[in-house]
Amino acid sequence: MSKNLTKRSEDYSKWYNELVVKADLAENSAVRGCMVIKPYGYAIWEKMQAELDRKFKETGHQNAYFPLFVPKSLFEAEEKNAEGFAKECAVVTHYRLKTDPEDASKLVVDPNARLEEELIVRPTSEAIIWNTYRGWIQSYRDLPILVNQWANVVRWEMRTRLFLRTAEFLWQEGHTAHETKEEAIAETEQMNNVYADFAENFMAIPVIKGRKTESERFAGAEDTYCIEALMQDGKALQAGTSHFLGQNFAKAFDVKFTSKEGKLDYVWATSWGVSTRLMGALIMTHSDDNGLVLPPNLAPIQVVIVPIYKGQDQLEQISVVANELVDDLRQKGISVRFDDRDTFRPGAKFAQYELQGVPLRIAIGPKDLEKGTVELARRDTLTKQFVAKDEAIDTIASLLKEIQESLHQKATQFRDDHITEVNTFDEFKEVLESKGGFISAHWDGTEETEQKIKELTKATIRCIPFDAKEEDGKCMYSGKPSKVRVLFAKAY
């Protein structure tokens, strides 16, 4: 497995694309804009899925599944949502092919098989789900409904990049129905906090929690909360969103319930989701010029053991020690691989596991057998140490915990070093070009100013941080009064 990665400092985008492919995470498919997620990449996604699914169930949610296709009339029912996604929709118009009368080796669309109603391939599922909820909800006794689905969605992107923006991607989408506005807002906040906790403590990615501006909200939402992360190239990445939908979808699909007081009212709603974009966030937060750097929580292989030997006799002796370590590590819940392939030299194996971000590597050779030691190498710091074999298991468990925490601290330090306060538009432009990162600045609250800044600089308001302190100031662009600083950045 050849590295030969472009250096991040030379071309960050090229480095990213090369790493995704060379680390065996994903590749482009025969379908333009779509990707094949390879087993190693999918194993990381499965770990994300498992942890998020556990958190969702802990907060009372259940998984369900809804159709991939949405009748066009349902999709159009909530106008803002339909308008927001219209340009990205894939549409099914026919249900059958037939042999081309002019060339029997080819198939053509059968003009007699046109659908009575066109179907939208879901870009998001609010429409089909809220049409379904109408049949599930009659009374307050039917509420709340706390449902999540793991699914794929299609958004016909013109410019694609593996994991970050593809025409089809994997995600989860929660859709909940509530009796009161207060319950729905509490749910929206709770799920944004779940995402933040997952990013910080499982992915080792520091995030800023905040609220989107009106122009950046999810189409059809009254409010959108988000978590924003900062990548190593100084660009922001939206890592998760949670939407308070008010009664918009309930009104669009006529979903009413009888309250405890016997009154008829519309249901209150939320939706929330994260996607395989998190794979991109993971890669760009921690990895380096040598390849992937994976937090132990997400590494498909946390420890790899590589034997260094000459001849079958040495391999057999090393294998006894290696297999003992494998058994002991697995009993501790640590995933481990003993790579005794004889088709690759140890150096090639070292390069592979370094490229694929395996947190800890153990090397065992004849001299280690004599001394009763093993060599431990950390992927994050590229440092090595010799450890007595009898102390190896406890040392490994401790190191994995240390690596997880260290990666979070390193990313947090980088993020904090790249939050810059500015007061003038000239300062803003200078920092944006020379340093990047999050720029904290006053904004007058108008969409006009927001759009003008975006046009001039390509920077957007990533969020209005929840912990932003109120202070009197002037908008850096218009000079109008402002009460709070917002975070701007260029973003993926």
Enquirer: Looking just at side-chain N and O atoms, do Gln409 and Glu405 make a donor-acceptor pair shorter than 3.5 Å?
Expert: no
Enquirer: What is the minimum heavy-atom distance between Ala491 and Lys235, and which atoms define it?
Expert: CA-CB, 4.4 Å
Enquirer: In terms of ring plane angle, is the pair Tyr133 and Trp130 parallel, tilted or perpendicular, where the classes change at 30° and 60°?
Expert: perpendicular
Enquirer: Decide whether Glu187 and Gln190 meet the rule of one side-chain donor and one side-chain acceptor closer than 3.5 Å.
Expert: yes
Enquirer: Taking atom NZ as the centre, does Lys410 end up with more than 12 heavy-atom neighbours from other residues, nucleotides or ligands that are less than 6.0 angstrom away?
Expert: no
Enquirer: If you draw the axis of the six-membered ring of Phe169, does the NZ or CZ of Arg277 fall within 45° of it and under 6.0 Å from the ring centre?
Expert: no
Enquirer: Output yes when Glu51 and Arg54 qualify as a salt bridge under the 4.0 Å nitrogen-oxygen rule, no when they do not.
Expert: yes
Enquirer: Does the separation of the ring centres of Phe218 and Phe85 fall below 6.0 angstrom?
Expert: yes
Enquirer: Run Thr460 and Glu216 through side chain to side chain donor-acceptor pair (under 3.5 Å) and show every step you take.
Expert: CA-CA 9 Å; Thr460 55; Glu216 293 283 333; 4.9 Å; no
Enquirer: Can a side-chain donor-acceptor contact be found between Gln413 and Asp417 if the only test is distance below 3.5 angstrom?
Expert: yes
Enquirer: Are more than 12 heavy atoms, taken from residues, nucleotides or ligands other than Glu214, located less than 6.0 Å from that residue's CD atom?
Expert: no
Enquirer: Side-chain donor-acceptor pair under 3.5 Å between Thr270 and Thr176, yes or no?
Expert: yes
Enquirer: Using the side-chain hydrogen bond (donor to acceptor under 3.5 Å, both in side chains) rule, pick out the option among Lys209, Lys212, Arg415 that qualifies with Glu228.
Expert: Lys212
Enquirer: Under a 4.5 Å cut-off applied to non-hydrogen side-chain atoms, are Met35 and Thr276 in contact?
Expert: yes
Enquirer: Hey, does Met203 have a side-chain heavy atom less than 4.5 Å from the side chain of Asn297?
Expert: no
Enquirer: Report the distance from atom OG1 of Thr420 to atom CZ of Phe488, rounding to the nearest 0.5 Å.
Expert: 13.5 Å
Enquirer: Cut-off 3.5 Å, side chains only: do Thr124 and Arg122 have a donor facing an acceptor?
Expert: no
Enquirer: Between Asp233 and Tyr16, do the side chains contain an N or O donor and an N or O acceptor separated by less than 3.5 Å?
Expert: no
Enquirer: Just wondering, are more than 12 heavy atoms of other shown residues or ligands nearer than 6.0 Å to CD in Glu83?
Expert: no
Enquirer: Salt-bridge test for Arg96 and Asp110: reply yes if a basic N is under 4.0 Å from a carboxylate O, no otherwise.
Expert: yes
Enquirer: Parallel, tilted or perpendicular: which fits the ring planes of Phe244 and Trp268, with parallel below 30° and perpendicular above 60°?
Expert: parallel
Enquirer: Do His175 and Ser271 have a side chain donor and acceptor closer than 3.5 Å?
Expert: no
Enquirer: Which pair of non-hydrogen atoms, one from Gly240 and one from Val274, has the smallest distance, and what is that distance?
Expert: CA-CG1, 3.7 Å
Enquirer: What pair of heavy atoms forms the shortest contact from Asp380 to Ser406, and how long is it?
Expert: OD2-OG, 4.0 Å
Enquirer: Quick check on the 6.0 Å ring-centre criterion: do Phe56 and Trp272 meet it?
Expert: yes
Enquirer: Answer with yes or no whether the side chains of Gln149 and Ser125 bring together a donor and an acceptor at under 3.5 Å.
Expert: yes
